Amino acid sequence: MANPDSLREQYAWFLPLTTRWMDNDIYGHINNVQYYSYFDTVTNHFLIEQCGLDIRRGDAIGYIVHSECNYLSGAAFPATLEGGLKVNKLGNSSVQYGLGIFEQGKSTACAFGNFTHVFVDRGSERPVPIPATIRTQLERLSQTQPSQ
């Protein structure tokens, strides 16, 4: 039985990802470290485009304090991928995202995992509450019921 987090239907928001020649490793598939880069790209694209995160001048920024990835199958350049995003846990200053990386049109992820952002004050680097505009959008991802 597949882990539910490996299934496309568990994710609320998707971003197309273009693989690059340099993503492949000597074994002919996308290197494991690239999946963390995809996780970061999907999440930050959502935060910037959907939540209005100002990465250059905003008072609050997100630091990754934990991450993990589970690899299920290999993908290789020139595959077209899609990154799925959901919110697993939403705290006062932290959020744990769930992420799945799918080959275009496939229902099971080639890799899935999570990472946790803690929002901090840019100057002091001390935790701060998640800004309201960001929280509102994150709540939407945590309340979205997966399609059946």
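What you see is a predicted model, and the numbers here were worked out from it, not measured in a lab. Residue numbers count from 1 along this sequence.
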Please identify each residue that fulfils side-chain hydrogen bond (donor to acceptor under 3.5 Å, both in side chains) with [X], with sequence neighbours left out.
X     : answer
Asp5  : Lys86
Tyr35 : none
Tyr36 : none

Drop me the distance from [X]'s [atom1] to [Y]'s [atom2], to the nearest 0.5 angstrom.
X      : Y      : atom1 : atom2 : answer
Phe46  : Cys51  : CZ    : SG    : 4.0 Å
Asn92  : Arg135 : CG    : CZ    : 6.0 Å
Leu99  : Cys69  : CG    : SG    : 9.0 Å
Gln137 : Ser142 : CD    : OG    : 11.0 Å
Asn31  : Asp25  : CG    : CG    : 4.5 Å
Phe14  : Leu81  : CZ    : CG    : 12.5 Å

How far apart are the closest heavy atoms of [X] and [Y], and which atoms are they?
X      : Y      : result
Ser6   : Leu72  : CB-CD1, 3.5 Å
Ala109 : Gly100 : CB-CA, 4.5 Å
Ala76  : Ile30  : CA-CG1, 3.9 Å
Leu138 : Leu47  : CD2-CD2, 4.4 Å
His117 : Tyr97  : ND1-OH, 3.0 Å

Q) Which ILVMFWY residues are connected to Tyr63, directly or by a chain of links, through side-chain heavy atoms under 4.5 Å apart? A) Ile61, Val65, Val118, Val120
Are [Y] and [X] linked, directly or through intermediate hydrophobic residues, by side-chain heavy-atom contacts shorter than 4.5 Å (ILVMFWY only)?
X      : Y      : value
Leu7   : Phe39  : no
Ile55  : Ile130 : yes
Phe115 : Val33  : no

How about [X] and [Y]: do any of their side-chain heavy atoms sit closer than 4.5 Å?
X      : Y      : result
Leu17  : Ile101 : yes
Thr116 : Ile64  : no
Pro129 : Ser93  : no
Val87  : Leu90  : yes
Pro131 : Phe119 : yes
Thr43  : Leu85  : yes

Q: Answer yes or no: is there a donor N or O on one side and an acceptor on the other, between the side chain of Thr19 and the main chain of Ala79, under 3.5 Å?
A: yes
Q) Passes ring pair (Phe, Tyr, Trp, His ring centres under 6.0 Å), Phe102 versus Tyr11? Steps please. A) CA-CA 11 Å; Phe102 300 85; Tyr11 295 89; 5.7 Å; yes
Q) Given Asn114 and His66, is the side chain to side chain contact (heavy atoms under 4.5 Å, CB included) satisfied, shown in steps? A) CA-CA 8 Å; Asn114 63 69; His66 175 81; 3.7 Å; yes
Q. Restricting to pairs with a member in residues 44-58, which pass side chain to side chain donor-acceptor pair (under 3.5 Å), not counting sequence neighbours?
A.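 For residues 44-58, and leaving out neighbouring residues, the side chain to side chain donor-acceptor pair (under 3.5 Å) pairs sorted by first residue read Asp40-Asn44.
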**Q.** Salt bridge present between Glu82 and Arg8 (N-O < 4.0 angstrom)
**A.**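 Yes, charged N to carboxylate O under 4.0 Å.
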**Q.** Partner set under ring pair (Phe, Tyr, Trp, His ring centres under 6.0 Å) for His29, not counting sequence neighbours
**A.**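 Once residues adjacent in sequence are excluded, His29 has no partner under the ring pair (Phe, Tyr, Trp, His ring centres under 6.0 Å) criterion.
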